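No experiment lies behind these values; they were computed from the predicted model shown. Just so you know, these numbers use all the heavy atoms, side chains as well, and skip hydrogens, waters and symmetry mates.
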Amino acid sequence: MSEAASSMRAPASTGPKDSRNIVDRINSRQSEEIVVAFGGAVGCNLSEVVRSVKAHFEDYGYTTKIIKISKSIKEHFTSKFPADLPHEYRGVDLYALQGKARYTALQDLGDHLRSQDPKILAAMAMVEISTSREILKEANNNQKPPRSVYLIDQLKNPAEIELLKLVYGNLFYLVGVLSPQEIRLNQLTRVERISAPDAQALISRDRDDNKKHGQRLEKTIQKADYFIRNNHDNSSNLKEPCERFVQLVHGKNGITPTFEESGMYAAFSASLKSACLSRQVGAAIADKAGNVISLGWNDVPKFGGGLYTSDDKGKDQRCIYHGGKCFNDEYKSRLISDIVAIVEKQCKLTSGGKEDLANLILEETRAGSIIEYSRAIHAEMEAILGLARHQGVSSNGCTLYTTTYPCHNCARHIIAAGIKRVVYIEPYEKSLAMELHDDAISTNPSEISKTLFDSFEGVSPRKYSSFFFGRGERKDERGLAVDVMKTDAKHIGVEFLDSYQDIEARVVATYIESLTPPPTTIQPVAPSVGPLTDPPGHPAA
């Protein structure tokens with residue numbers, strides 16, 4: 001017998017033997033908690049969505065808890081750490097603020113906290129989740145807490161999402177709430193009585209205020225697992241998408257992708273072919289029946305038509321293989337340097353002043369978003385050109401799905417191609433597309449004489465397979481469709497209360513016990529962990 005085998009012995013009995021098989025015992029240790037965070041542009045009336053999702057989870061038998069980040073910020077500065085309050089808010093009643101003053105204070109104070117650590121607001125939400133869990137356990141005689149959902153309203157920085165995903169894994173979802181800017185402006189000006197210039201300033205800062213620790217919703221919301229379109233026309237319209245989200249996280253039988261979800265997934269799949277050093281963008285064009293007839297992604301064009309791909313071995317001239325640099329960034333830098341040199345001659349700038357001026361031009365003007373010098377064809381253009389390279393197909397009356405809002409250059413080609421509708425994932429419209437082509441573009445579905453630019457609703461392409469992949473049996477032995485009561489439905493996301501090493505050790509201990517020879521022979525030694533049973537205070541589900 002080997003040294004390892006001779007050193008093994010059977011574990012001591014820790015109580016009545018668990019008669020369940022090992023898989024059932026492991027599954028009993030699955031967490032029954034779900035954490036859902038929400039992100040939405042200012043003025044999108046996100047609270048309506050949170051309330052609707054909460055109600056549908058309660059229909060499934062969950063205990064629900066709404067965690068309002070705005071409330072956490074106020075409590076932090078008033079009852080917990082008042083000395084940390086920035087000077088300009090000393091003596092201000094944070095709970096009495098309304099309108100623009102309320103939004104600005106929350107933006108300022110949120111930025112102040114994130115300046116210490118961009119993840120701090122997510123950590124504050126986790127403190128509240130942990131506290132709520134202990135309260136539920138105590139109410140349940142210190143046993144495993146009931147099925148629970150924690151709804152975080154709301155987050156604005158991608159670092160916050162990264163922390164929550166890291167900690168909660170498959171238990172975590174981000175819901176993005178999208179509304180056209182026109183509707184959000186209306187909400188802020190007419191309902192909340194904020195002046196139009198102030199409302200626009202709030203929206204711009206909310207989008208991206210150029211600080212790593214600031215409001216960066218544009219980057220945050222693109223990490224969403226599910227998108228809900230809230231056009232404020234009727235709050236009852238939120239019922240269906242909110243209910244569908246809850247059904248999807250429980251793997252309800254018979255839910256399949258919509259045309260919109262399939263089209264966006266095709267666009268996302270195409271984006272993965274891009275080697276662009278700036279960003280990966282994908283587009284898909286679908287005909288009137290919803291069939292995808294063309295794909296496009298952003299990359300360098302090649303002779304003979306189309307774009308370079310990984311199949312062009314030895315001939316690939318994409319930027320990463322052709323100089324290894326972004327040519328658009330290089331020529332933008334040259335342009336800004338030329339501007340700074342001209343100003344320097346007139347103003348005799350110091351070296352530090354020149355650097356500050358260059359950064360200011362890059363961040364505060366449209367110079368930072370110039371795309372004139374890029375070698376890449378944009379995804380939307382390539383999708384349109386793909387149709388042009390084939391006979392018998394037309395873009396007229398089609399729908400174009402794109403993973404980001406089209407630039408004004410793509411927008412004019414989309415209009416000229418006769419595309420009827422554009423669906424995009426992004427919370428903000430790039431202003432030039434609407435400013436330059438407001439005669440031909442609209443966000444209002446009733447304007448049938450214009451190309452409709454519409455925000456996406458449904459399952460994020462990143463979550464497509466997780467939500468739509470069939471689990472378990474779809475029919476019983478009689479051939480009848482399988483369905484379960486809402487309160488018995490299982491969450492599709494699996495995370496265990498124990499670490500994988502704890503589970504591994506208990507599985508090993510259980511099998512060593514079952515393989516232990518009779519007492520008359522040399523006894524194997526098991527790891528210093530008992531068989532896989534539920535520890536005190538955590539009975540099997």
(Q) Are L387 and I285 packed together at the side-chain level, in the sense that at least one heavy-atom pair is separated by less than 4.5 angstrom? (A) yes
Q | Neighbour count >12 (heavy atoms, 6.0 Å) for atom CD, E240 | A | no
Q. How many angstroms lie between OG1 in T403 and CZ in R462, if you round to the nearest 0.5 Å?
A. 9.0 Å
Q) Is the distance between the ring centroids of F468 and Y464 less than 6.0 Å? A) yes
Q: Please report the C-alpha distance between L432 and E435 in whole Å, then the side-chain angles of each, then the deciding distance to 0.1 Å, and finally whether the side chain to side chain contact (heavy atoms under 4.5 Å, CB included) criterion is met.
A: CA-CA 5 Å; L432 280 183; E435 284 180 20; 3.8 Å; yes
(Q) Looking at R474, I'd like to know if its CZ atom is crowded, meaning that more than 12 non-hydrogen atoms belonging to other residues, nucleotides or ligands lie closer than 6.0 Å. (A) no
Q: Please report the closest heavy-atom contact between A284 and A266, naming both atoms and the distance.
A: CB-CB, 4.0 Å
**Q.** Test side-chain hydrogen bond (donor to acceptor under 3.5 Å, both in side chains) applied to E58 and T64, step by step
**A.** CA-CA 7 Å; E58 289 171 346; T64 59; 2.7 Å; yes
(Q) Distance check, rounded to the nearest 0.5 Å: I255 atom CD1 versus L248 atom CG? (A) 4.5 Å
Q: Find out whether I34 and V36 are in side-chain contact, i.e. whether some heavy atom of one side chain is under 4.5 Å from a heavy atom of the other.
A: yes
Q | Flag, side chain of T451 to backbone of I415, donor-acceptor distance under 3.5 Å | A | no
Q. For the side chain of T402 and the backbone of Y424, is there at least one donor-acceptor N/O pair under 3.5 Å apart?
A. no
Q) Can you tell me if S179 uses its side chain to pair, donor with acceptor, with the backbone of R184 under 3.5 Å? A) no
Q) What is the distance from atom NE2 of H378 to atom SG of C410, rounded to the nearest 0.5 Å? A) 5.5 Å
Q: Output, in order, the C-alpha distance, side-chain angles, deciding distance and verdict of side chain to side chain contact (heavy atoms under 4.5 Å, CB included) for Y226 and K463.
A: CA-CA 8 Å; Y226 190 81; K463 210 71 175 177; over 6 Å; no
**Q.** Verdict with supporting geometry, H491 and Y173, ring pair (Phe, Tyr, Trp, His ring centres under 6.0 Å)
**A.** CA-CA 12 Å; H491 173 220; Y173 298 94; 5.6 Å; yes
Q | I448 CD1: over 12 foreign heavy atoms closer than 6.0 Å | A | no
Q. Under the side chain to side chain contact (heavy atoms under 4.5 Å, CB included) criterion, do S148 and L136 qualify, and how do the steps go?
A. CA-CA 9 Å; S148 307; L136 286 172; 3.5 Å; yes
Q | Donor + acceptor pair across side chains of S271, Q280 (<3.5 Å) | A | no
Q: Just do the side chain to side chain contact (heavy atoms under 4.5 Å, CB included) check on I73 and L121 with the steps written out, would you?
A: CA-CA 8 Å; I73 292 173; L121 294 181; 4.0 Å; yes
Q: May I ask you to test the I320-L277 pair for a side-chain heavy-atom distance under 4.5 Å?
A: yes
Q.
Tell me whether the NZ or CZ atom of R147 lies within the 45° cone about the ring axis of Y62 and under 6.0 Å from its centre.
A. yes
Q: Might you point out which heavy atoms bring V423 and M264 nearest each other, and give the distance in Å?
A: O-CE, 3.5 Å
Q) Can you name the nearest heavy-atom pair linking S442 to E447, along with the distance? A) OG-OE2, 2.9 Å
Q. Are N45 and E48 close enough that a side-chain donor and a side-chain acceptor fall under 3.5 Å?
A. yes
(Q) Are Y265 and Y401, when compared by the centres of their aromatic rings, separated by less than 6.0 Å? (A) no
Q: Could you tell me whether the side chain of S130 and the main chain of M126 form a donor-acceptor pair under 3.5 Å?
A: no
Q) Considering all heavy atoms of both residues, which atom of N170 and which atom of E495 are nearest to each other, and what is their separation? A) N-OE2, 2.9 Å
Q: Report the C-alpha separation of N444 and S446 in whole Å, then their side-chain angles, then the decisive distance to 0.1 Å, and conclude whether the side-chain hydrogen bond (donor to acceptor under 3.5 Å, both in side chains) test is met.
A: CA-CA 5 Å; N444 185 351; S446 63; 2.8 Å; yes
Q: Please lay out, stage by stage, how R229 and E260 fare under the test salt bridge (charged side-chain N to carboxylate O under 4.0 Å, His left out).
A: CA-CA 13 Å; R229 188 187 300 131; E260 202 158 293; 2.8 Å; yes
Q | CG-OH distance between D312 and Y321, expressed to the nearest 0.5 angstrom | A | 11.0 Å
**Q.** Heavy-atom neighbours of K450 NZ exceed 12 at 6.0 Å
**A.** yes
Q. Is the side chain of T258 donor-acceptor paired with the backbone N or O of E261 at a distance under 3.5 Å, no angle test?
A. yes
**Q.** Side-chain (S204) to main-chain (Q200) donor-acceptor, under 3.5 angstrom
**A.** yes
Q: On the 0 to 90° scale, with breaks at 30° and 60°, tag the F57-F245 ring pair as parallel, tilted or perpendicular.
A: perpendicular
Q. Which residue pairs satisfy the salt bridge (charged side-chain N to carboxylate O under 4.0 Å, His left out) criterion with at least one member in residues 393-405, sequence neighbours excluded?
A. none
Q: Would you give the length of the straight line joining atom CD1 of I203 to atom OH of Y103, rounded to the nearest 0.5 angstrom?
A: 9.5 Å
**Q.** Main-chain N/O of E128 paired to R133 side chain as donor or acceptor, under 3.5 Å
**A.** no
Q: Run the numbers on S274 and N298 for side-chain hydrogen bond (donor to acceptor under 3.5 Å, both in side chains), then give the verdict.
A: CA-CA 6 Å; S274 170; N298 59 320; 3.0 Å; yes
**Q.** Heavy-atom donor-acceptor pair, D498 side chain to D502 backbone, under 3.5 Å
**A.** no
Q: Please step through salt bridge (charged side-chain N to carboxylate O under 4.0 Å, His left out) for the pair E382 and K273, ending with a clear verdict.
A: CA-CA 13 Å; E382 169 58 15; K273 299 181 73 172; over 6 Å; no
Q: For residues Q215 and R205, report the shortest heavy-atom separation together with the two atoms involved.
A: CB-O, 3.3 Å
**Q.** Reported CD1-to-CD distance for the pair I221 and Q154, which is rounded to 0.5 angstrom
**A.** 8.5 Å
Q.
Can you see whether H56 engages E243 through a side-chain donor-acceptor pair at a distance of less than 3.5 angstrom?
A. no
(Q) Between D225 and K165, is the salt bridge (charged side-chain N to carboxylate O under 4.0 Å, His left out) condition met? List the steps. (A) CA-CA 11 Å; D225 301 301; K165 282 184 179 290; 3.7 Å; yes
Q) Among pairs that include at least one residue of residues 286-300, which meet salt bridge (charged side-chain N to carboxylate O under 4.0 Å, His left out), considering only residues two or more places apart or in two chains? A) D299-R318
Q) salt bridge (charged side-chain N to carboxylate O under 4.0 Å, His left out) between K156 and D111: does it pass, once the steps are laid out? A) CA-CA 10 Å; K156 299 281 191 178; D111 286 0; over 6 Å; no
Q.
Ignoring hydrogens, what is the shortest heavy-atom contact between L185 and A199? Give both atom names and the distance.
A. CD2-CB, 3.9 Å
**Q.** CZ/F259: more than 12 non-hydrogen atoms of other groups inside 6.0 Å
**A.** no
Q) Looking only at atom types and distance, does a side-chain atom of S28 sit under 3.5 Å from a main-chain N or O of R25, one as donor and one as acceptor? A) yes
Q. Got a donor-acceptor contact below 3.5 angstrom from the K252 side chain to the R244 backbone?
A. no
